[in-house]
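This report concerns only the one structure given below.
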Amino acid sequence: MAEPGRIQIGAESLEASWFLMLAALLFTLGSIGVLVRRNPLVILVCIELMLNAVNLTLITFARQLQNLEGQLFALMVMVVAAAEAVVGLAILVDIFRVRDVDDIDELSELKG
Amino acid sequence: MIAQAVFWAMAALAVAGAVGVIASRQPIRSVLSLVVVMLALSVLFLLLSAQFVFAVQVIVYAGAVMVLFLFVVALLGPIRERGGGRLRFQWGLSVLVAAVFVALQGAVLQGMRFRAPSEGVDLAVFGTVQDIGVRLFTTYLYPFELTSILLLVAAVGAIYLSRGVRAGGRSSRPEPASPDHPPARHDRGTTSRPQRGRSG
């Protein structure tokens, strides 16, 4: 019986922390993208990256605890991500129909 | 050995793709880099015995959602991001914040003790279509139905948003054609361009 923090795959075992660290790194890279990029489309892409990183965490814990609920929650996250992408891109196309936006700071009409 | 090699190769690929997402100047390269990240992650899902999530990730996510992004990139044309501009200090500041964040996560993971896995789970069927399907249609039927409503709402919202509303508040649906007045051609390029550049 392997220790709890390791994931047994065939004859060898992997450290669950490696997966979690990778997910943390990807999430951080996505958040850097949201912070520094100006193009609204690229910001949406970076949000997708962050959602994927969270999915990796959920699936890692599902496997480590041998509990399927993590995978089901990852599927729900995918559904929400798809809905978010569809609505976000529709809003973006609507905005671009009126004018070109190459910096998200230009969309400040609601600031008052 | 093989599983470790697969893990490190896919981890390197995912991180490289993520750097490509945030560092490339053109949006289309960001989107394609994200596809690389998603495919690398899908292999990791397979490693973690999540076969169904792997298939969904490849088909729905890397397939459908990313194609939607590519469509929008192609529709909007090449937009180059202006370098510099206001808030130039954002780069340094956000890298600093991210470094602190990663360090905190590493510290948390160092001292983490995992709970013991639950007993009596057959790993041969864990995460298969059968396993997921049984759970989804018994215990989690209510959330499953809610997701279908969510998707319906998103589809209706996207159609409503992309239908386009003209200045008079009318929709862009073509008027019924009459013989002496052919329907006005609402070309999206010509009707809306005058407002461009208002923001200065």
Side-chain angles (χ1 to χ4, degrees), chain A residues 4-5 9-10 12 14 16-22 24-26 28-33 35-39 41-42 45-46 48-49 52 56 59-60 63-68 71-72 74-76 78-79 82-83 85-87 89-94 96-100 102-103 105-106, chain B residues 1 3-4 7 11 14-15 18-19 21-22 27 30-31 34 37-38 41 44-45 47-50 53 56 60-61 65 68-69 72-73 76 79 81-82 90-91 94 98 101-102 105 109 114-118 121 127 131 135 140 143 147 150-151 154 157-158 161-162 164 188 192 195-196 199:
Chain A
I9 298 165
E12 52 188 313
L14 294 179
S17 315
W18 295 346
F19 290 91
L20 298 177
M21 204 61 216
L22 173 64
L25 201 57
L26 291 179
T28 310
L29 284 170
S31 63
I32 290 179
L35 287 174
V36 303
R37 295 305 298 264
R38 304 294 180 77
N39 190 334
L41 192 69
V42 178
V45 170
C46 290
E48 296 290 326
L49 179 60
N52 262 278
L56 181 59
I59 288 175
T60 304
R63 178 62 179 77
Q64 190 265 319
L65 295 170
Q66 303 195 3
N67 186 342
L68 202 64
Q71 291 191 13
L72 293 171
L75 288 172
M76 300 292 164
M78 282 185 186
V79 172
V86 164
V87 174
L89 288 174
I91 292 174
L92 210 57
V93 169
D94 219 32
F96 270 87
R97 189 178 290 175
V98 177
R99 59 175 205 208
D100 279 346
D102 47 9
D103 188 339
D105 287 342
E106 291 173 12
Chain B
M1 210 69 251
Q4 284 202 15
F7 172 79
V15 171
V19 171
V21 168
I22 65 173
S30 292
V31 176
L34 188 61
V37 177
M38 283 174 172
L41 283 185
L44 291 181
F45 292 170
L47 209 58
L48 292 167
S49 60
V53 184
V56 171
V60 176
Y61 227 141
V65 175
L68 185 67
F69 269 95
V72 172
V73 170
L76 300 183
I79 316 153
E81 215 160 319
R82 293 191 308 247
Q90 265 179 341
W91 250 115
S94 59
F101 193 53
V102 167
Q105 283 163 331
L109 285 177
F114 288 89
R115 247 171 62 190
S118 46
V121 176
D131 203 10
R135 289 288 194 98
Y140 296 97
T147 56
L150 176 69
L151 283 177
L161 279 173
S162 56
R188 72 172 52 151
S192 50
Q195 292 188 34
R196 204 188 144 184
S199 61

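Letters A, B, ... mirror the listed sequences (proteins, then strands); counts begin at 1. Not measured: the values here are computed from a predicted model.
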Considering only heavy atoms, which portion of [X] lies under 4.5 Å from any heavy atom of chain B: side chain, backbone, both, or neither?
| X | value |
| --- | --- |
| Leu14(A) | side chain |
| Leu68(A) | both |
| Glu48(A) | both |
| Ile91(A) | both |
| Ser31(A) | neither |
| Leu56(A) | both |

What residue, out of [options], has the most heavy-atom pairs lying under 4.5 Å from chain A?
| options | value |
| --- | --- |
| Thr147(B), Val15(B), Ile22(B), Val19(B) | Ile22(B) |
| Ala3(B), Ser94(B), Gly127(B), Ala50(B) | Ala3(B) |
| Val60(B), Leu41(B), Val21(B) | Leu41(B) |
| Ser118(B), Ala98(B), Gly157(B), Ala14(B) | Ser118(B) |

May I ask you to name which of [options] has the most heavy-atom pairs under 4.5 Å with chain B?
| options | result |
| --- | --- |
| Val87(A), Leu26(A), Thr60(A) | Leu26(A) |
| Ala16(A), Ala24(A), Gly33(A) | Ala24(A) |
| Ile9(A), Val45(A), Leu35(A) | Val45(A) |

Given Leu89(A) and Leu41(A), is the side-chain contact (heavy atoms from CB on, under 4.5 Å) satisfied, shown in steps? CA-CA 8 Å; Leu89(A) 288 174; Leu41(A) 192 69; 3.5 Å; yes

Please check: side-chain N/O of Arg135(B) versus main-chain N/O of Tyr140(B), any donor-acceptor pairing under 3.5 Å?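 Side chain of Arg135(B) to backbone of Tyr140(B), a donor-acceptor pair under 3.5 Å: no, none is there.
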
Does some side-chain heavy atom of Leu20(A) sit less than 4.5 Å from a side-chain heavy atom of Gln105(B)?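 Gln105(B) vs Leu20(A): side chains apart.
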
How close do [X] and [Y] get, heavy atom to heavy atom, and via which atoms?
| X | Y | result |
| --- | --- | --- |
| Gln71(A) | Leu48(B) | NE2-O, 4.2 Å |
| Ala154(B) | Val86(A) | O-CG1, 4.0 Å |
| Gln64(A) | Arg115(B) | NE2-O, 2.9 Å |

Tell me, with the steps shown, if Met21(A) and Val102(B) meet side-chain contact (heavy atoms from CB on, under 4.5 Å). CA-CA 9 Å; Met21(A) 204 61 216; Val102(B) 167; 3.9 Å; yes

Verdict with supporting geometry, Phe96(A) and Val72(B), side-chain contact (heavy atoms from CB on, under 4.5 Å): CA-CA 10 Å; Phe96(A) 270 87; Val72(B) 172; over 6 Å; no

Check each atom of [X] against the heavy atoms of chain A and say whether the ones under 4.5 Å are side chain, backbone, both or neither.
| X | answer |
| --- | --- |
| Val37(B) | side chain |
| Phe101(B) | side chain |
| Leu151(B) | side chain |

For Ala82(A), side-chain contact (heavy atoms from CB on, under 4.5 Å) partners two or more places apart: Val65(B)

Going through the distances and angles, do Asp94(A) and Arg97(A) end up as a side-chain contact (heavy atoms from CB on, under 4.5 Å)? CA-CA 5 Å; Asp94(A) 219 32; Arg97(A) 189 178 290 175; 3.8 Å; yes

